[in-house]
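Only a predicted model underlies this, so the values are computations on that prediction, with no experimental measurement involved. Note: hydrogens, waters and symmetry copies are ignored here, and every other heavy atom, side chains too, is used.
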Amino acid sequence: MGIKVKIIDANIILRILLNDNPVQAVKALNIIKENIVFIKNEVLAEVIYILRRVYQKDKNQICDFISSFIQDNRVITESNAIIMLALDTYKNKNIDFVDCLLYAYSKIFDYEVYTFDKKLNKLLKDNI
């Protein structure tokens with residue numbers, strides 16, 4: 001049996017970033033230090049949404065934190081390339097992070113995206 005990867009949720013990441021509950025922040029950091037952790041794209045989308053909408057954090061701060069967080073060799077994502085392109089797009093465009101993920105999938109994996117979202121359609125067409 002190999003290394004068992006643990007999935008972490010948005011609350012673990014938020015406690016580390018916000019340090020708004022010091023006891024939980026320490027526990028969250030220890031989880032990362034002691035394990036290989038997997039972060040689903042949906043979890044990252046939730047983290048970004050909460051940081052932006054609830055805590056009103058700046059997009060640049062959010063993107064910088066997420067980019068450095070996923071560079072830790074104990075953190076695994078579905079695709080760092082997808083996330084990095086999505087973060088860069090999110091930072092530079094007025095579009096939701098989930099749409100930035102779809103855009104990144106279209107660019108990196110050449111997936112065709114169907115949507116009625118005007119901003120996403122414009123981004124997809126402008127960057128063909």
task = Give a yes or no on whether a salt bridge exists between D117 and K119, defined as a side-chain N under 4.0 angstrom from a carboxylate O.
result =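 No, this pair does not count.
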key: Cationic N near anionic O, under 4.0 Å, R53 to D96   =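 Looking at R53 and D96, the cut-off is met.
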What about [X] and [Y], same hydrophobic cluster or not, with Ile/Leu/Val/Met/Phe/Trp/Tyr joined at side-chain heavy-atom distances under 4.5 Å?
| X | Y | answer |
| --- | --- | --- |
| V54 | I16 | yes |
| V43 | L29 | yes |
| L14 | V26 | no |
| V113 | V98 | no |

Interatomic distance, [X] atom [atom1] to [Y] atom [atom2] [nearest 0.5 angstrom]:
| X | Y | atom1 | atom2 | value |
| --- | --- | --- | --- | --- |
| N41 | I83 | CG | CD1 | 4.5 Å |
| E42 | D9 | CD | CG | 12.5 Å |
| I12 | N30 | CD1 | CG | 10.5 Å |
| R52 | Q61 | CZ | CD | 9.5 Å |
| Y105 | S79 | OH | OG | 6.5 Å |
| I31 | I8 | CD1 | CD1 | 7.5 Å |

For [X] and [Y], work out which heavy atoms get closest and say how close.
| X | Y | value |
| --- | --- | --- |
| I62 | K57 | CD1-O, 3.7 Å |
| I108 | A81 | CD1-O, 3.4 Å |
| A104 | A86 | CB-N, 4.0 Å |
| V37 | V5 | C-CG1, 4.1 Å |
| R15 | A25 | O-CB, 3.5 Å |
| K107 | L85 | CB-CD2, 3.8 Å |

task = From the options L17, I48, V47, select the one residue that forms a side-chain contact (heavy atoms from CB on, under 4.5 Å) with F65.
result =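 It is L17, the one option of L17, I48, V47 that forms the side-chain contact (heavy atoms from CB on, under 4.5 Å) with F65.
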query = Do T77 and N80 get their side chains close enough for a donor-acceptor pair, meaning under 3.5 Å?
reply =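 Side chains of T77 and N80: pair found under 3.5 Å.
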request  = Examine the side chains of N121 and Y114 and answer whether a donor and an acceptor come within less than 3.5 Å of each other.
outcome  =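 No.
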ask   = Does a sphere of radius 6.0 Å around CG in D20 hold more than 12 heavy atoms from other residues, nucleotides or ligands, not counting ones at 6.0 Å or beyond?
value =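 Yes, enclosed.
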request  = May I have the step-by-step check of side chain to side chain donor-acceptor pair (under 3.5 Å) for D64 and N60, ending in yes or no?
outcome  = CA-CA 6 Å; D64 291 347; N60 289 325; over 6 Å; no
task = Report yes or no: does D72 contribute a side-chain atom to a donor-acceptor pair with the main-chain N or O of R74 at less than 3.5 Å?
result =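 Yes.
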Main-chain N/O of D88 paired with N92 side-chain donor or acceptor, under 3.5 Å =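 Answer holds: yes.
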Do the non-hydrogen side-chain atoms of [X] and [Y] ever get within less than 4.5 Å of each other?
| X | Y | answer |
| --- | --- | --- |
| C100 | K93 | no |
| D99 | L123 | no |
| I39 | F69 | yes |

key: Ring geometry between F97 and Y90 (parallel below 30°, tilted from 30 to 60°, perpendicular above 60°)   =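 Ring orientation, 0 to 90° scale: perpendicular.
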